[in-house]
Amino acid sequence: QSSVTVFGVLDATVSSYSNKSETPLGLSVTTSSTVQNSSGYAGSRLGFRGTEDLGGGIAAGFWLEAGLANDTGGGFAPGGVIAFNRRSTVSLSGTLGEIRVGRDYTPTFWNDAVFDPFTSNGVGINLIATASGFNTPGQAANGFQANPAYVRASNSVGYFLPPNLGGFYGQVMYAFNEAIKYEPGVTTPNVANSQRAGRYVGGRFGYAKGGLDIALAAARSTIGDQFAQGTTTSLDIWNLGASYDFGVAKLMAEYSHNKLRIDSSAAPVSTAPPGANGALVGIHVPVGPGLIRAVYTQVKYNNVAALAQVVPGLSRDPKSEKFALGYVHNLSARTALYATAARINNKNGADLTVGGPSFYTKPVNGSTPVPQSSTGYDIGIRHLF
Amino acid sequence: QSSVTVFGVLDATVSSYSNKSETPLGLSVTTSSTVQNSSGYAGSRLGFRGTEDLGGGIAAGFWLEAGLANDTGGGFAPGGVIAFNRRSTVSLSGTLGEIRVGRDYTPTFWNDAVFDPFTSNGVGINLIATASGFNTPGQAANGFQANPAYVRASNSVGYFLPPNLGGFYGQVMYAFNEAIKYEPGVTTPNVANSQRAGRYVGGRFGYAKGGLDIALAAARSTIGDQFAQGTTTSLDIWNLGASYDFGVAKLMAEYSHNKLRIDSSAAPVSTAPPGANGALVGIHVPVGPGLIRAVYTQVKYNNVAALAQVVPGLSRDPKSEKFALGYVHNLSARTALYATAARINNKNGADLTVGGPSFYTKPVNGSTPVPQSSTGYDIGIRHLF
Amino acid sequence: QSSVTVFGVLDATVSSYSNKSETPLGLSVTTSSTVQNSSGYAGSRLGFRGTEDLGGGIAAGFWLEAGLANDTGGGFAPGGVIAFNRRSTVSLSGTLGEIRVGRDYTPTFWNDAVFDPFTSNGVGINLIATASGFNTPGQAANGFQANPAYVRASNSVGYFLPPNLGGFYGQVMYAFNEAIKYEPGVTTPNVANSQRAGRYVGGRFGYAKGGLDIALAAARSTIGDQFAQGTTTSLDIWNLGASYDFGVAKLMAEYSHNKLRIDSSAAPVSTAPPGANGALVGIHVPVGPGLIRAVYTQVKYNNVAALAQVVPGLSRDPKSEKFALGYVHNLSARTALYATAARINNKNGADLTVGGPSFYTKPVNGSTPVPQSSTGYDIGIRHLF
């Protein structure tokens with residue numbers, strides 16, 4: 001009678017990270033760790049899903065998917081708790097497309113994963129994702145300028161185009177911030193800040209035919225607000241990704257543009273809002289039962305005071321570059337061994353890492369070390385079920 | 001080999017709430033929110049259950065059922081955590097009935113759900129449940145006068161009559177508070193208060209035959225104690241519900257009586273303990289593949305100082321009335337679309353809402369607004385699996 | 001298509017505990033409680049597991065197993081949260097053995113469970129496990145001298161001998177503490193203490209043939225470190241267990257040795273490190289569909305200042321003795337009823353209990369009670385699925 005599929009991924013690695021910072025006088029300090037980690041190739045998860053044929057081309061479906069930190073048995077919700085935080089949706093789909101309600105991936109994240117040779121996992125993850133705070137201890141926990149909806153959004157309603165549009169595909173998403181409104185507003189209640197955070201409006205449209213896949217996505221994600229100052233801060237994102245599969249190799253590339261936007265009910269706040277632009281070019285080369293993966297990716301920040309850019313606009317912009325190389329050996333369609341190595345070079349205050357401990361930035365002999373290089377590797381096994 | 005059924009409900013809504021309070025001078029303040037929520041028609045859940053035939057008419061069974069906040073992927077245990085907090089039981093059943101051990105629904109809650117046209121979910125939920133603190137931000141988190149065992153009790157042992165009694169059915173439940181006893185008590189240790197909370201003794205008996213279903217339930221639920229004062233506070237509940245299915249329509253009604261009881265080892269504490277009485281009358285009208293649902297429900301408080309009843313016994317009693325109307329459109333036995341609208345009128349300090357933000361009760365121009373009306377709607381989809 | 005087995009155990013008991021302490025003048029205080037509890041015979045759990053045949057004698061497998069507090073619907077991770085904290089592993093196995101990565105049982109715990117007639121559960125649990133802090137409110141939460149890896153270790157890599165070695169079996173485990181290393185160390189950063197805790201190195205080797213099963217295990221588990229003092233504290237464990245099944249009865253015995261080890265980069269710290277030695281002898285006697293279980297077990301502490309041993313080496317050593325007797329009645333291979341009774345006698349400051357509240361040790365009439373006896377019973381049902 002059960003209409004449920006239990007599915008998942010367990011991905012376990014042994015990983016090592018080494019992150020070097022250096023004082024202007026050339027004194028370097030390296031922080032490093034060797035760990036048993038999860039999700040080096042694919043995000044570990046446990047899920048429950050199913051669909052019901054309602055007749056007339058209509059179907060209902062549900063999808064519950066929990067992230068797993070299988071190194072400890074915990075999860076990735078706050079507090080290390082297991083929750084269906086990867087996806088938790090109910091759907092109604094038909095010839096006109098699909099309506100999906102709940103917690104789901106944001107349209108703007110898809111390009112950062114689909115066109116990344118390392119699908120936004122492990123030490124090879126692209127720097128757009130890293131700078132957006134995904135999986136990187138050196139960064140703000142919730143993404144570039146603390147975007148809470150970088151990867152996924154709760155309280156969302158999404159619409160997906162149907163699959164039979166001659167290669168065209170697309171989706172839009174709206175996520176509620178569920179803020180409390182007061183009417184009349186003149187009563188100026190003592191409202192807590194950032195009630196408006198969590199709102200997300202975005203979409204993604206693409207075309208996939210033959211070897212080609214190309215997609216453009218854009219969104220505005222509300223990050224916070226200050227009731228007293230009358231400001232609302234959003235992150236505007238757009239990105240363009242593409243891949244072409246030549247058979248012997250698949251090329252991939254993406255460009256991502258991120259800029260803060262501060263709406264004010266009073267005087268304009270700033271003419272130089274912080275931003276970050278990222279890019280990647282990568283390749284997949286199948287080799288028998290294996291797959292070689294490589295990526296060059298970079299990110300450049302603008303007007304980011306937080307990254308020690310003392311005089312935004314005059315100081316040189318912080319910038320990170322990364323190269324990663326990996327090999328996946330498929331033992332079956334479900335089970336693979338993999339190894340990845342990666343190196344980041346940070347400049348002008350950028351502090352991205354491939355993982356592991358933060359850069360050491362406390363003063364040494366009265367001089368403060370500046371983040372430089374980060375290197376690391378994953379060796380692991382990924383098992384689908 | 002697996003003897004497990006995986007089952008569940010995903011119910012997602014878009015809901016809006018608007019709650020108006022007003023100063024004696026007629027200045028009104030409205031708090032409102034529009035949200036993507038869960039469980040507007042049926043409580044979202046994921047469960048695992050199974051039974052084993054032991055021969056001789058005896059069977060063993062288990063039931064694990066977790067509440068899901070599928071708008072975020074979390075759950076409903078404290079901290080938004082997922083737990084088998086809806087039900088977590090092991091059973092042994094036979095011709096003499098069933099013994100069930102663990103966390104389960106209380107006998108007294110059943111009438112509040114079974115005889116409610118909206119089965120105690122969404123904006124249409126009856127006011128007995130709302131006043132008992134279920135699902136209502138405007139109220140004490142754990143029920144009328146903080147009853148921790150309003151809906152369910154942990155650490156319980158229950159007994160159920162067998163199903164073949166000519167229409168008669170029944171159950172009793174005892175839940176342990178697991179309090180520490182000290183002997184001799186004269187050592188008067190510095191015991192924390194409310195160790196006795198969690199104890200529940202109750203039962204429910206009914207008769208269902210033909211179109212008729214009628215049931216009476218009663219319980220004493222221990223809410224807290226103060227060791228130094230020697231008092232133990234309980235909530236005494238009894239309720240009577242009935243429904244009759246005429247085919248073209250099903251009528252439902254319930255009356256619920258709730259009164260605090262303060263046992264004291266010293267002088268009697270109070271002759272006017274707080275109480276609340278609630279009632280509902282409702283109807284289900286099947287319309288093709290759909291179902292119209294409507295309810296009128298009210299609750300009246302007695303001697304409830306917390307609800308600004310300045311001189312209990314002299315001030316008029318706080319009172320809430322609600323009317324809700326809804327339509328369910330079944331796409332299949334498992335999937336339904338639904339819409340519900342509801343309105344509450346509060347009087348004399350009662351502050352119940354259909355959901356959403358609390359009433360605004362901070363002073364405006366030196367005058368404090370008093371809760372008045374609450375309105376809201378749910379539009380959603382419910383999918384069983 | 002699903003390759004997942006859902007499995008588990010629900011074990012529910014009604015249990016009672018009574019713990020008596022006494023002042024030197026003979027004034028006794030008893031703390032007691034009666035509760036509805038879980039896991040009196042076998043640890044309640046919900047799991048997901050599967051294996052995939054990769055050909056050539058190689059198989060991949062995964063195992064996710066969460067502990068369940070089915071009396072409340074919660075779990076046993078910190079905060080009462082449900083997590084796959086019993087086991088969370090991915091494996092690759094073949095003719096050369098199995099490599100297993102993730103969170104798993106430690107080799108040294110196996111003997112404490114396998115050779116215990118009560119398999120380390122309920123009031124009959126052996127005192128080695130109790131003194132190691134497992135399941136005992138009177139003790140440090142994480143085991144003897146707070147060993148975080150007494151039962152299981154996170155972030156581990158394990159190797160198991162293949163099963164076809166003529167009765168010989170064995171396993172080794174290494175668990176990473178994932179501590180941050182600083183290079184050069186001379187920068188002496190302000191490192192938080194106990195970063196090295198969680199490291200575990202251990203193994204277990206045994207022989208099982210005919211009625212005989214015997215196994216030796218040993219490990220070093222890092223418990224903490226103090227960066228400023230340059231000390232690292234570990235717990236060294238070794239234990240030897242054996243059982244022989246005569247058919248009419250199965251005899252079991254185990255000896256366990258535990259000693260703290262403090263490595264210091266400066267002068268040696270102590271010549272009398274704390275330790276604890278434990279033992280058990282037990283029996284299983286099958287009786288029709290039932291099983292009688294009995295155990296005598298004891299533990300003796302050395303140099304344990306925490307247990308009020310005022311002058312370690314001069315005061316007599318704290319010591320606990322326990323006798324437990326139980327009966328299991330199998331209704332089927334999956335479902336059983338059981339009852340167990342147990343009593344502990346504590347001497348010289350030892351404070352082990354069979355469960356329930358801590359001993360009362362606040363002064364009574366100016367005199368402090370010392371822990372004496374602890375008694376308790378479990379009556380319950382265990383259901384496998």
Side-chain angles (χ1 to χ4, degrees), chain A residues 1-6 48-56 58-67 75 77-79 81-92 99-104 152-157 174-184 186-187 189-190 195 198, chain B residues 2 4-15 17-20 27-38 44 46 48 66 68-75 77 79-83 330-337 356-358 360 362-365 369 380-385:
Chain A
Q1 165 233 4
S2 180
S3 44
V4 183
T5 300
V6 182
F48 304 86
R49 68 178 177 224
T51 55
E52 182 198 14
D53 187 345
L54 297 169
I58 313 284
F62 75 98
W63 194 296
L64 293 166
E65 188 177 308
V81 155
I82 296 175
F84 293 112
N85 56 344
R86 287 181 64 92
R87 185 170 157 192
S88 164
T89 61
V90 211
S91 290
L92 210 56
I99 289 178
R100 197 186 282 180
V101 188
R103 178 171 175 84
D104 198 6
R152 300 171 184 93
S154 291
N155 306 305
S156 80
V157 178
Y174 179 79
F176 293 89
N177 56 16
E178 307 194 339
I180 301 174
K181 294 195 193 74
Y182 294 84
E183 194 183 327
V186 287
T187 46
N190 191 10
Q195 296 248 3
Chain B
S2 182
V4 183
T5 299
V6 182
F7 68 97
V9 176
L10 279 193
D11 182 325
T13 73
V14 172
S15 302
Y17 313 106
S18 180
N19 301 326
K20 188 171 86 171
L27 194 67
S28 75
V29 182
T30 300
T31 57
S32 64
S33 62
T34 302
V35 306
Q36 195 273 298
N37 219 337
S38 77
S44 291
L46 174 68
F48 303 87
L68 294 184
N70 45 297
D71 47 345
T72 63
V81 156
I82 297 174
N330 291 299
L331 300 173
S332 75
R334 289 170 49 197
T335 305
L337 303 176
S358 300
Y360 190 77
K362 289 172 193 159
V364 178
N365 296 347
I381 177 171
R382 183 225 58 195
H383 178 65
L384 310 177
F385 58 91

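Values below: every heavy atom of this structure, side chains too, minus hydrogens, waters and symmetry copies. As the structure is a prediction and not an experimental result, all values here were calculated from the model. Chain A is the first sequence line, chain B the second, and so forth, proteins listed ahead of strands; every chain is numbered from 1.
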Which residue, L10(B), L46(B), N70(B), forms the side-chain contact (heavy atoms from CB on, under 4.5 Å) with F84(A)?
-> L46(B)
Partner residues of R86(A) under the salt bridge (charged side-chain N to carboxylate O under 4.0 Å, His left out) criterion, sequence neighbours left out | E65(A)
Identify the two heavy atoms, one from A83(A) and one from G74(B), that lie closest to each other, and give their separation to 0.1 Å.
-> CB-CA, 4.3 Å
Once you round to the nearest 0.5 Å, how far does OG1 of T31(B) lie from NZ of K181(A)?
-> 11.0 Å
Contact summary for V4(A) and V6(B), nearest pair of heavy atoms = CG2-O, 3.6 Å
T30(B) OG1 to I180(A) CD1 distance, which is reported to the nearest 0.5 Å = 13.0 Å
Cut-off 4.5 Å, heavy atoms of chain B, and the answer for A77(A) is neither
Kindly give the heavy-atom pair with the smallest separation between I82(B) and I82(A), and that separation in Å.
-> CD1-O, 4.2 Å
Answer yes or no: is there a side-chain heavy-atom contact under 4.5 Å between E178(A) and S33(B)?
-> no
What class does the angle between the rings of F62(A) and H383(B) fall in, given that below 30° is parallel, 30 to 60° is tilted and above 60° is perpendicular?
-> tilted
One should read off an interatomic distance between I381(B) CD1 and S91(A) OG, to the nearest 0.5 angstrom, of 8.0 Å
From the list L68(B), D11(B), T13(B), N37(B), the residue making the most non-hydrogen contacts under 4.5 Å with chain A is L68(B)
Closest-packed option against chain A by number of heavy-atom pairs under 4.5 Å, given G8(B), G73(B), A12(B), S18(B) = G73(B)
For S156(A) against Q36(B), the heavy-atom pair lying closest together | N-OE1, 3.6 Å
Correct closest heavy-atom pair for T335(B) and A60(A) would be OG1-CB, 3.5 Å
Which one of V157(A), D104(A), L64(A) has the most heavy-atom pairs closer than 4.5 Å to chain B?
-> L64(A)
Flag yes if more than 12 heavy atoms outside I99(A) fall under 6.0 Å of its CD1 atom; otherwise flag no.
-> no
